[in-house]
Amino acid sequence: MSMTRRSVIKAIATSGALLGLGVLSPRLAFAAWNEKAFRAKDQGTAMQELLGGEPQPSAEILLKAPDIAENGAVVPVTVSSTLSGVESISLFVEDNPTPLAVEFLLPPGTDADISTRIRMGKTSKITAVIKAEGKLYSAVKEVKVTIGGCGG
Amino acid sequence: MAEGIIKVKAKSMGEKTQVKMMAKHIMETGQRKDKTTGETIPALYLQELSVVHAGKVVFAANMSTPVSKNPYFSFTFLGGAEGEELLISWKENTGKSATEVAKIR
């Protein structure tokens with residue numbers, strides 16, 4: 001890989017300066033990075049912190065992921081839904097050291113259909129939670145992992 | 001402009017635009033140990049990413065280390081035309097941030 005010593009060093013060098021100039025660091029997303037949720041070590045806490053409730057299972061969410069992932073470092077996941085008014089899609093990996101992987105914020109006009117790739121330390125359930133019109137819905141799929149993707 | 005880390009394929013498909021993007025980033029978990037020194041390698045990961053088209057946010061993600069190295073995302077939004085620009089902003093856990101520009105094709 002060519003990424004990269006240079007950019008890593010640059011990152012370390014510039015981060016100090018940027019932190020000092022808090023004004024310059026733009027607020028990118030419309031919901032800020034939720035530290036408590038992302039650092040939570042169990043899925044229930046992470047969901048509660050991020051979404052403030054427990055989702056109801058829904059057949060209107062399609063969670064696509066492989067049945068068996070040979071490489072836990074790269075597990076492709078696609079979430080789509082026919083629910084209307086989808087505001088966010090979040091992905092949790094129950095048995096990861098920190099279960100919350102990513103929260104997608106989808107403004108009106110953006111399809112409830114996203115793909116990404118996540119890490120899984122071991123065989124686990126993946127849960128996709130969708131917030132739509134203020135309510136929480138979920139879909140779950142178990143993915144068997146042959147080689148974990150979190151450790152060294 | 002500094003060398004970007006985001007590769008974008010944004011394709012206009014009639015009324016909608018399909019965006020596929022990959023950020024070149026190590027997404028270091030903070031759990032690995034350096035094999036020679038035995039010291040933990042500190043976490044270094046992208047935390048926030050957003051895509052703006054014509055002054056409006058069309059996609060945003062908050063993420064952490066369970067996202068794979070070189071994070072990949074795809075999504076589709078209503079609007080956008082060939083030749084128009086997308087502004088992609090990202091921020092690391094270190095506070096480092098940047099905005100990059102991509103054209104819809």
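Note that the structure is a prediction, hence the values are computed from the model and not measured.
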Can you tell me how far the [atom1] atom of [X] sits from the [atom2] atom of [Y], to the nearest 0.5 Å?
| X | Y | atom1 | atom2 | value |
| --- | --- | --- | --- | --- |
| A/Asp113 | B/Thr76 | CG | OG1 | 6.0 Å |
| A/Leu100 | B/Thr65 | CG | OG1 | 9.5 Å |
| A/Asp111 | B/Phe77 | CG | CZ | 10.5 Å |
| B/Ser64 | A/Asn34 | OG | CG | 11.0 Å |
| B/Gln31 | A/Thr98 | CD | OG1 | 7.0 Å |
| B/Met22 | A/Thr116 | CE | OG1 | 11.5 Å |

Going hydrophobic residue to hydrophobic residue with side-chain gaps under 4.5 angstrom, can you get from [X] over to [Y]?
| X | Y | answer |
| --- | --- | --- |
| A/Leu62 | A/Ile130 | no |
| B/Tyr72 | B/Ile26 | no |
| A/Val140 | A/Phe92 | no |

Exercise. Is a side-chain N or O of A/Arg119 found less than 3.5 angstrom from the main chain of B/Val67, in a donor-acceptor match?
Worked result: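 Yes; at least one donor-acceptor contact below 3.5 Å.
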
Exercise. Would you say the side-chain atoms of A/Trp33 pair up with the backbone N or O of B/Glu48, donor to acceptor, closer than 3.5 Å?
Worked result: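 It does not hold such a pair.
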
In a table with atom names and distances, give each donor-acceptor pair under 3.5 Å that connects a side chain of residues 75-82 of chain A to protein atoms at least two apart or in another chain.
unit_1	atom_1	unit_2	atom_2	d
A/Thr78	OG1	A/Ser115	OG	2.9
A/Ser81	OG	A/Glu60	O	2.9
A/Ser81	OG	A/Leu83	N	3.0
A/Thr82	OG1	A/Glu60	OE1	3.1

Problem set entry | side chain to side chain contact (heavy atoms under 4.5 Å, CB included) involving B/Glu85 - partner list, sequence neighbours excluded |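 B/Glu85 satisfies side chain to side chain contact (heavy atoms under 4.5 Å, CB included) with B/Val101, B/Lys103 only.
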
Problem set entry | Per-residue contacts, residues 42-58 of chain A versus chain B, heavy atoms under 4.5 Å |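 Under the 4.5 Å heavy-atom cut-off, nothing qualifies.
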
Problem set entry | Considering all heavy atoms, the nearest A/Ala101-B/Pro66 contact |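 Closest heavy-atom pair between A/Ala101 and B/Pro66: CB-CB, 3.6 Å.
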
Problem set entry | Interchain contact, B/Lys56 with chain A, by part (heavy-atom threshold 4.5 Å) | side chain

Problem set entry | Top contributor to chain A interface from B/Val52, B/Thr17, B/Asp34, B/Leu78 [non-hydrogen pairs under 4.5 Å] |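 The answer is B/Leu78.
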
Exercise. So does A/Lys141 have more than 12 non-hydrogen atoms from other groups sitting under 6.0 Å from NZ?
Worked result: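 Enclosed.
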
Exercise. Who are the ring pair (Phe, Tyr, Trp, His ring centres under 6.0 Å) partners of A/Phe104, not counting sequence neighbours?
Worked result: B/Phe59, B/Phe73

